[in-house]
Amino acid sequence: MTPVTTEQQDPAAAQAARRRVPVPRIRNIAPLIALIVVAVLFASLNGRFLTVANARSLAAQGALLMVLATGATFVILLGSIDLSVEGVMGMTSMVVSLLIANTRNSISLGFLAVVIALAVGTLAGVINGLGLTLARIPSFMFTLGTWYAALGVATVLFGGNTATITSKGFLDLGAPWLGGFPPTVFVAVAVAVAGWAVLRYTKAGRYIRAIGSAEEVVALSGVPVRRYKILAFGIAGFTSALAGVMASAQVGNGNVNVGSGMVFTTIAAVVVGGTLLSGGRGGVLHTVVGVLLLTVLGDGMVLAGVSTYIQESVQGVIVVAAVAAAAWPQRSRLRIAK
Amino acid sequence: MSTESETVLAIRSITKRFPGVTALDNVSLEVRKHEVVGLIGENGSGKSTLLKIISGVQQPDEGTVEVRGKKVSFASPAQALAHGIGMVYQEQSLVPALTVAENIFLGMPGTSRFGVYRWREMRERAAGELERLGLRMDPKAVVEEFSFAQRQMLEITRVMQLGQRSGHEPLVILDEPTSVLEQGEIDILFEQIRRLREQGSVIFVSHRLDEVLAVADRVYVLRDGHCVAETPTAQASTAHLLAQMVGREISDGHYSEDLQVPYDEGEPALRAEGLSTGPECRDVSFELRKGEVLGIAGVIGSGREDLCRALFGAVPVKQGRLWLGGRRVRFRSPAAAARAGIGYLPAERRIEGAVMGMSVAENMVLAAPSQVSRGPFLSRGHWLKEVERWCERLRIKTPSGATSIGLLSGGNQQKVVLAKWMLKQNLKVLILDHPARGLDIGAKQEVYRIIRELAQAGLGVILIADTLEEVISLSHTVLVMKDGVVQRRLDAPRGAKPEQVEIVEHMV
């Protein structure tokens, strides 16, 4: 039998030295390294990349994605997914364009139109949350439904007759402003900062992360898990609506397809930034890096004259590579991927 | 000798029955203030049921539980915690993505104001809690990066903290806390337990007798649902405890020992040389002959499960060589092992063995669809006939082959999973991981009989059993593993079975 000794050791330090795995740390900064490499590469390839004009163009392009991806980060941290982005954007675009000064009707609610559009989008997000928590329908399926339901609503509102927005103040949201950056860029920065602060400093933010990490443990600790899940989807609905409003200001009319193609880019930005699709790990700072990486990549390829189709392929490959890299350390033969 | 005020927990004459088994029969136990009570017993002795009752997960059928002199009945673990009784589970209940401080106070009021975290205050309080247990841990560190041992320490801190909320000195239950720890970590844990004793009481459960003797003040021994001994550790020895734990009570015929025939001394069915999967299982060599049942004895964490998984290709083999029927093999996946003729019956029947949504017939042909197909298509008539034949041969009680397997009793489910492998014509080796777990006595006997028949038919069988008795009685040969290494190989021919004590000696 092994004799039991009771010699003193330094518990924490000895164990930390022996067992602490450096992998998560590398994973944390890998997207940032990729961003720097890509930026340096484009800067050296093309003189126009490092110009003020290009910075403005980058920021304007990235603003929508930043807003969307911040909301999606909350949902993905839960381990869920929100596919309804494009539908909610189309719907809120129609709502805001019909309620603000426009060419189709005489309603002109001004700022209130924006508030109503945001409320409608948030409601759509809350419905997603209820579908997950009450009906227990996987978010993948439920939000896929919301996507098309919201697109349907948008199409009905569209009614075959374009509502061109005439409100000057609203259209200015998409026009150059401070330092040549449009107000949407500042909105995006504010949303990202707010998202980061909520995840870091509020109970709700920490619990959303915790639910994604070990839902059962959190539930057994007496935390109202459903409430936080609904909250996360509500936030995502809000950011989708905000993006819909911002996009409407950019295009100047109510457009059903204003969010076309954004589901992929949004989820891609979050995942490329290093937030795990299985939940629990990642955050808004990761997402900022992911958004910048995808935006810089797109911008750089445009400057280099790469065709849009190839750009899409490149984005697709990058997303798959990022997911594979994140999942690599955890792979084992009996792990099942669905 | 103890006054009521000193007794923290008193279990009096508790009985708990499950369908087919009496898990606890008239068991009494007492825990006093500032005391470490050891609890030992083999698998199936009723230890876990007793712990579940104490921690409020299950309720006793008869008998009473008293906490600090007052009769209580816990409907949930939360109610037990409200009385200061908390359990540290083997599968830990921490949130990996959160920090140490957040985990200690998870779900408790007072960690935020208007929804905003009071990070600093929480960290300071956490640091205080860690200090009390003498742990040097950064409250800001994220649990994800911790080792198993560190997580365990943190979990103990959390349970202590929860228990203290009751306003009393807590009673902390540690269920097999040492099973996956290394020696240095065990020493640290023992330091913690001594500290816990100063601030409350502890129930310490372990397979390893020397540990119980080292850390506990008193020991209770459970066997077959009875409390067979209660001894102060100062007066106990490992040999003494072992004798009480193991007992002797083999009913004749239970294991159909008369059906054990000597195995074929010829070519081995499976041969391993220096097999390693990592620290869990190192340098294992053995030969398994046709018709031989090779039992592997060892405690949880001894490496026997890892060995079996490696043999079946579910865990990569890092080093060593393997021969199947004389041919050198190297399995890259369970599918490759199955194709080559190795079958594996997992311990978690419901999770890994049977596909619950599917019918009896579908489950049976899962591993060998080629037997019932014509080309790429399953031949239904042929298939059902085959299934019927096996249901009859193994005495599987099912209304029909089309019945969902989930509706069958545990024993019949297990027989379907066994039939699944027996259907494979080229099967050479069958690995059985706790084949009789959770079955009632009748079903166990049937499974034992089938194992005998499989061996007689020339199959090599590798067996991990629930109890030592089972492994000794069913096997021709017993390998004893400890800490990932084979300690001993013992012959167990019919009529000359080794004593349990001989095996336990090498297990602990």
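In the text below, chain A, chain B and the rest are named by the order of the sequence lines, each starting its count at 1.
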Return the [atom1] to [atom2] distance between [X] and [Y], rounded to the nearest 0.5 Å.
X: R200(A); Y: Y117(B); atom1: CZ; atom2: OH; result: 12.0 Å
X: R209(A); Y: E102(B); atom1: CZ; atom2: CD; result: 8.5 Å
X: S112(B); Y: Y201(A); atom1: OG; atom2: OH; result: 15.0 Å

Exercise for review: Indicate the atoms forming the closest heavy-atom contact of A97(B) with G280(A), along with that distance.
Suggested key: CB-O, 3.1 Å

Practice item. Considering non-hydrogen atoms only, spot the tightest contact between V95(B) and V218(A) and give its length. Key: CG2-CG2, 3.7 Å

Point to revise | Counterpart residues, side chain to side chain donor-acceptor pair (under 3.5 Å), relative to Q152(B) (two or more places apart) | key: none

Review point. What do you reckon, is CD of Q79(B) surrounded by more than 12 foreign heavy atoms closer than 6.0 Å?
Key: yes

Review point. Who passes side chain to side chain contact (heavy atoms under 4.5 Å, CB included) against R165(B), sequence neighbours left out?
Key: M108(B), P109(B), R125(B), Q161(B)

Check your understanding: With a 4.5 angstrom heavy-atom cut-off, which part of R113(B) approaches chain A: side chain, backbone, both or neither?
Key -> neither

Practice item. Report yes if some heavy atom in the side chain of L98(B) is under 4.5 Å from a heavy atom in the side chain of R206(A); otherwise report no. Key: yes

Check your understanding: Does any non-hydrogen side-chain atom of V217(A) lie less than 4.5 Å from one of L94(B)?
Key -> no

**Study point:** Heavy-atom pairs under 4.5 Å with chain B, option from A210(A), G212(A), A197(A), A204(A) with the top count
**Key:** A210(A)

